[in-house]
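Remarks on the structure that follows.
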Amino acid sequence: MLDTKSKLMAAAIGAAFALPMAAHAQTNVVVYGKLYPDITHVNVSGALPNNAATSTLSPTGKGTNNTNLTAMDSPNSRLGFRGTEDLGDGLKAIFQLEMGFSSDTGQATDASAPFSRNTFVGLSGNFGTIRLGNMDTVYKDLGDQMNMLGIVSGNFMGTSNILSKPSFTVNGASSFHLRRTNSFYYESPQMAGFTGLFDWSPNEVAGSASSGVISTGVKYENGPVYAALAYESHKDMFGGSNGVAGNGGTAALTSNLTTPGASSKDDALRATFQYRFPDSWKAELDVAQMRYRESGQVGAGKFNEYKHNSWALGIEKLIGAVTLAGSYGQMTAGSCSLTGGVDCNTNGLEAKMFNAGVGYSFSKRTMLFGVYSYMGNNTGVASNWLDGKPTAGADISTFAVGISHSF
């Protein structure tokens with residue numbers, strides 16, 4: 001048995017030997033998260049009658065109408081861990097693991113992939129920052145910066161429903177507002193207010209010529225001014241055909257998905273400008289164009305091309321503990337073409353969205369909020385709210401009250 005003095009001596013020697021290891025392992029880890037559950041009432045009305053004619057690309061009318069629903073929702077509540085390790089000479093290792101969960105039920109958003117939100121490891125230094133993992137694309141990061149009351153992510157008032165997808169589908173293959181797996185992401189050092197960004201997500205399918213997703217852009221930040229230009233390209237994701245397939249479109253319009261040698265290139269370009277005024281309010285304008293093109297089709301009447309433009313304006317005003325916010329966006333019907341000169345019309349594919357909200361902050365982390373949103377469709381289904389249940393032409397009015405807390 002060791003006496004007390006011997007034990008203290010052994011502990012001191014052990015600590016001395018451990019010091020060099022500890023000195024080289026100064027990893028700083030932060031636990032963070034955000035919860036913003038709300039009580040929501042939604043009204044769906046104005047859907048087209050059963051079998052009513054729509055655009056060439058829209059689902060036919062189903063007659064579903066006048067749906068009322070009250071529920072508790074938990075859009076993108078999340079928990080994460082992030083940290084850095086100083087490697088010397090200005091070089092740092094960085095990491096982040098983030099998961100989503102439903103704060104109203106306590107369940108993980110995706111139990112099969114617990115860290116399914118932005119999760120990565122990388123290096124940061126004089127050369128910029130490199131990250132490898134599962135991340136939002138540059139296109140998603142740079143545009144649509146007006147996060148109304150800080151609760152837009154995953155919520156029904158997201159103007160991404162107008163800015164980043166067509167109105168004839170809610171299929172994810174058609175969206176330019178997503179997180180991508182297997183991503184390589186580079187951000188340059190800032191020079192004179194400018195920062196360049198690039199990310200690439202390979203296809204990872206053996207034998208495929210697809211290069212997956214490429215997203216790039218540049219942003220400028222100086223005082224009250226934020227400006228950005230972003231571009232994203234999808235190779236062989238068939239956003240047009242998959243979009244039509246997702247709304248139950250005809251076999252002719254979706255046959256490119258199974259035609260050997262068929263390919264696609266979908267791309268989007270968006271400009272963003274935000275100005276922060278000195279009297280505690282700010283405004284932002286986003287303008288975007290999306291285009292879906294396919295080739296290698298066999299026969300006439302197959303999906304060939306669809307393109308459209310969209311824009312959104314957002315404002316925010318801070319008055320003491322009260323924040324007022326609003327946004328409005330529109331997308332045009334656009335134009336489309338089919339192979340063999342077959343007629344393609346986009347009648348009614350235009351859509352519009354209006355949002356208004358007020359928040360009362362008890363602190364920098366805790367806020368009560370109330371929000372209202374209106375999505376107006378003609379023949380489209382431009383919203384993934386209610387898991388894509390709104391049918392062609394349905395208009396959606398939503399009101400919610402809740403509490404937001406960050407830590």
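Sequential numbering from 1 along the given sequence is applied to the chain's residues.
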Distance only, no hydrogens: is a donor on one side chain within 3.5 Å (strictly under) of an acceptor on the other, for [X] and [Y]?
X: Ser74; Y: Ser102; result: no
X: Thr119; Y: Asn134; result: no
X: Arg179; Y: Asn118; result: yes

Practice item. Indicate yes or no: at least one non-hydrogen side-chain atom of Glu316 is less than 4.5 angstrom from one of Thr323. Key: yes
Calculate, to the nearest 0.5 Å, the distance between atoms [atom1] and [atom2] belonging to [X] and [Y] respectively.
X: Met157; Y: Met353; atom1: CE; atom2: CE; value: 8.0 Å
X: Tyr231; Y: Thr137; atom1: OH; atom2: OG1; value: 12.5 Å
X: Glu350; Y: Asn378; atom1: CD; atom2: CG; value: 4.5 Å

Ring centroid separation [X] to [Y] under 6.0 Å:
X: Phe369; Y: Tyr36; result: no
X: Tyr372; Y: Tyr374; result: no
X: Phe362; Y: Tyr360; result: yes
X: Tyr220; Y: Phe194; result: yes
X: His234; Y: Phe176; result: yes

Check your understanding: Sub-3.5 Å donor-acceptor pair from the side chain of Gln297 to the main-chain atoms of Thr339, do we have one?
Key -> no
Review point. Within the side chain of Arg365, is there an N or O that forms a donor-acceptor pair under 3.5 Å with the backbone of Lys34?
Key: no
Point to revise | Phe127 vs Leu91, side-chain contact (heavy atoms from CB on, under 4.5 Å): CA-CA, chis, key distance, verdict | key: CA-CA 9 Å; Phe127 56 86; Leu91 185 66; 3.7 Å; yes
Exercise for review: Before giving the answer on side-chain contact (heavy atoms from CB on, under 4.5 Å), spell out for Glu187 and Lys219 the whole-Å C-alpha distance, their side-chain angles and the decisive distance to 0.1 Å.
Suggested key: CA-CA 11 Å; Glu187 181 175 346; Lys219 65 178 178 179; 4.1 Å; yes
